[in-house]
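First the structure, in the form of structure tokens, and then the observations on it.
Side-chain atoms are counted along with the backbone in the values below, which use heavy atoms only and exclude waters and symmetry mates. Predicted model, so just to flag it, every value in this text is computed and none were measured.
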Amino acid sequence: MDLILWRHAQAVGQSGDPDDWARRLTPKGEKQAQRMARWLNLHLPQSARVLCSPAVRAEATVTPLGRSFKVVPELAPEASADMLLQAVQWPTVKGVSVVVGHQPTLGQVVARLIGVPAGEIAIKKGALWWLRHHEAGQVQVLTVQTPDLLNR
């Protein structure tokens, strides 16, 4: 199984705001989402399954991908690493799964899967980590991409 963890792009306001779930992307966030979507569309198989947090900023991040996606309540801003891994059925589902979600959950998942003892890795807004689970139980980092380093 390949698991792509994509943090939502830059949004207005801050996490914890009363209207946190309704926060929209900033103009910079819109560009971040577009850049990452272009890159992903060059590398994702057509069969990739795309799962998204119900937060507005996450849905706005995935929309430029131009693929159908499923909104999954277990990927909401307050989700735990366990909730995310259960929602994607890690590592039993075959193929590629893209998850558009939030910090600190995404960073906690990456840390757990690659064995970082600190328990969390910082993931920049709009960035992604592409991980692969091998049958022997090993997890390989295929790539880490940030929208600021992609061709504009």
Residues in ring-ring contact (aromatic ring centres under 6.0 Å, His included) with W130, at least two apart?
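Testing W130 for ring-ring contact (aromatic ring centres under 6.0 Å, His included), a comparison that skips the adjacent residues, returns none.
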Group every Ile, Leu, Val, Met, Phe, Trp and Tyr by side-chain heavy-atom contacts under 4.5 Å, then state whether [X] and [Y] land in the same group.
{"X": "M83", "Y": "V71", "answer": "no"}
{"X": "L3", "Y": "V141", "answer": "yes"}
{"X": "V50", "Y": "M36", "answer": "yes"}
{"X": "V144", "Y": "L40", "answer": "no"}
{"X": "L113", "Y": "L75", "answer": "yes"}

What is the minimum heavy-atom distance between [X] and [Y], and which atoms define it?
{"X": "P77", "Y": "A55", "value": "CG-CB, 4.3 Å"}
{"X": "A79", "Y": "T105", "value": "O-OG1, 2.6 Å"}
{"X": "A122", "Y": "Q103", "value": "CA-NE2, 3.7 Å"}
{"X": "A9", "Y": "A33", "value": "CB-N, 4.2 Å"}

All side-chain contact (heavy atoms from CB on, under 4.5 Å) counterparts of [X], not counting sequence neighbours:
{"X": "V110", "value": "L5, I114, I121, I123, W129, L131"}
{"X": "Q34", "value": "R38, P64"}
{"X": "K28", "value": "Q10, T26, Q32, D148"}
{"X": "Q89", "value": "R49, T92, V93"}

Would you check if the side chain of R23 reaches a backbone N or O of V12 as a donor-acceptor pair within less than 3.5 Å?
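Yes, because the side chain of R23 sits within donor-acceptor range (under 3.5 Å) of the backbone of V12.
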With a 3.5 Å distance limit and no angle check, can you tell me whether R35 reaches the backbone of L149 through a side-chain donor-acceptor pair?
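Not a single qualifying donor-acceptor pair exists.
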What I'd like to find out is whether the side chain of [X] reaches to under 4.5 Å of the side chain of [Y], using heavy atoms alone.
{"X": "L84", "Y": "L106", "answer": "yes"}
{"X": "R67", "Y": "V98", "answer": "no"}
{"X": "L142", "Y": "I4", "answer": "no"}
{"X": "W90", "Y": "V99", "answer": "no"}
{"X": "F69", "Y": "V100", "answer": "no"}

Excluding sequence neighbours, so at least two apart, what forms salt bridge (charged side-chain N to carboxylate O under 4.0 Å, His left out) with R7?
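Salt bridge (charged side-chain N to carboxylate O under 4.0 Å, His left out) list for R7, sorted by chain: empty.
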Got a sec, which residues hit side-chain hydrogen bond (donor to acceptor under 3.5 Å, both in side chains) with [X], two or more places apart in sequence or on another chain?
{"X": "Q108", "result": "none"}
{"X": "R24", "result": "none"}
{"X": "T143", "result": "Q145"}
{"X": "S53", "result": "H102"}

Any salt bridge (Lys or Arg N to Asp or Glu O under 4.0 Å) pairs touching residues 101-120, not counting sequence neighbours?
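Non-adjacent pairs meeting salt bridge (Lys or Arg N to Asp or Glu O under 4.0 Å): D82-R112.
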Qualifying salt bridge (Lys or Arg N to Asp or Glu O under 4.0 Å) pairs, either residue in residues 127-141, two or more places apart:
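Every salt bridge (Lys or Arg N to Asp or Glu O under 4.0 Å) pair that includes a residue of residues 127-141, provided the two are not neighbours, is D2-R132.
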Spacing of T61 atom OG1 and E30 atom CD [to the nearest 0.5 Å]
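That separation rounds to 9.5 Å.
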What distance separates W6 CH2 from L51 CG, expressed to the nearest 0.5 Å?
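Rounded to the nearest 0.5 Å, the CH2-CG separation comes out at 13.0 Å.
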